[in-house]
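Since we're looking at a predicted model, the values are computed, not measured.
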Amino acid sequence: MQAPSTSPPPLGTTTEGKTLFLAYPSSLVVAPTSTDTTMTTTTTTTTTAATTTATRRFLTLPHPRSHVPVYFLPCPEAIYEQTTIGGEEKNARSWFISSSGGGGGGGVVEDAGISNQIHTPSTLTLLTPLSPLFLVLSILSILPNGPDGEGRFLPYDDIWDQAALVFYRRRREKFAAYLDSARKRAGSNATGGGGTGQVQGEEDGGEESWEDIVSFGAHPLVQRTVERCCQVQSMPDGPTTYRLCKSKAYALLDDKLTRLASPDTFARAPNTLSRSFDRRYQGAPGTEASEEAQVLRRQIAAETIMGYLSPDVASEWSACSEVLNAGAEAKDEAR
């Protein structure tokens, strides 16, 4: 089995401080406003002095929770996750893209050659920023432990080389199991076409690796994240080595939880966090600043964060998190 493809559908461009809908035959891209606007394959960044163009490559990486391959776009100041929202065929809609209007982005739309056009289907593709911590924690957590039950200290490059091998083997095993299951369902064993789900790379004993994981490890944001969530050993006559320190990583998650659970953060997310809070809060009107309300905010924030943690990591973090445990104690006292 070959490594996952690294050629996503073509994307569009975005200009500084604006959000544009850019259409392609089967999808739309919404490039969110960000301090870094170089988010697409070929990106135009507009400044008062000049216009520069940079090329970025999408990486196919294992999703932090499910380990299913997902497209991510590394940029200098952020990592973006590509997600696609698809409408049902029975409710199919179209998008009309026009360069007219007061948005001020008509020039970019015209330059892209997509103005005044109708595009179907109504698939919407989003690029949203994602903290590198979730990907780093997911990848480092699957590395084999040493004799003491803790991770091994490894040079930085070796971390990503090993992770690329481990994840590739896991995907290969799942693919082989899928082939076996498909053959059995088709009855191929009964007609003499059976056999094990052996895939390319196994016959000759060759090793394959998930090369995009290695490329991800070379990103400066990832390097800084590893230094924040790992134990570091500097050898006088050897390379600096790293191993995951769960207490440091979980402290970073606690910090994210505290900031995400703040009333100000909920106020800035009316269509997501605030909407979930309004649906679930059972307190009397005017009590949104109570401890009961804050416990619910922490719960919603924790659920959001756990959507980017593997089940094992999420369970371990929730068991040792001081912030989550404090919220549970406050909830028990309120009862």
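For the side chain to side chain donor-acceptor pair (under 3.5 Å) test, residues two or more places apart in sequence or in another chain that qualify with Ser138 are His67. Not a single salt bridge (Lys or Arg N to Asp or Glu O under 4.0 Å) links Arg228 to another residue, sequence neighbours left out. Evaluation of the salt bridge (Lys or Arg N to Asp or Glu O under 4.0 Å) rule for Arg280 yields Glu303 as partners, not counting sequence neighbours.
Ion pairing between a basic and an acidic side chain is recognised when a charged N comes within 4.0 Å of a carboxylate O; Glu227 and Lys248 show no such pairing. Electrostatic pairing of Glu316 and Lys246 counts as a salt bridge here, judged by a charged N lying under 4.0 Å from a carboxylate O. Between Arg275 and Asp278 there is no salt bridge, since no side-chain nitrogen of the basic residue lies less than 4.0 Å from a carboxylate oxygen of the acidic one. Salt bridge present: Arg259 and Asp255 bring a charged side-chain N and a carboxylate O closer than 4.0 Å.
In this structure, the side chains of Arg170 and Ile142 come closer than 4.5 Å at one or more pairs of heavy atoms. Side chains of Arg57 and Asp212 form a contact here, defined as non-hydrogen atoms less than 4.5 Å apart. Leu252 places none of its side-chain heavy atoms less than 4.5 Å from the side chain of Leu137. Inter-residue side-chain proximity for Phe277 and Leu296 is flagged as met; some heavy-atom pair is nearer than 4.5 Å. Counting heavy atoms from C-beta outward, Thr272 and Thr304 have side chains that stay 4.5 Å or more apart. Side-chain contact between Tyr80 and Thr128 is absent, with no heavy atoms from C-beta onward closer than 4.5 Å. Annotation: side chain of Thr287 is not in contact with side chain of Glu292 (no heavy-atom distance under 4.5 Å). Inter-residue side-chain proximity for Asp180 and Arg183 is flagged as met; some heavy-atom pair is nearer than 4.5 Å.
The aromatic rings of Tyr308 and Phe134 sit tilted, their planes meeting at an angle between 30° and 60°.
For the pairing with Ile159, the side chain to side chain contact (heavy atoms under 4.5 Å, CB included) check across Leu140, Thr241, Val136 returns one residue only, Leu140.
Listed for the Gln82 side chain is no donor-acceptor partner under 3.5 Å among the backbone atoms of Val70. With hydrogens and angles disregarded, no donor-acceptor distance shorter than 3.5 Å links the side chain of Ser321 to the backbone of Ser318.
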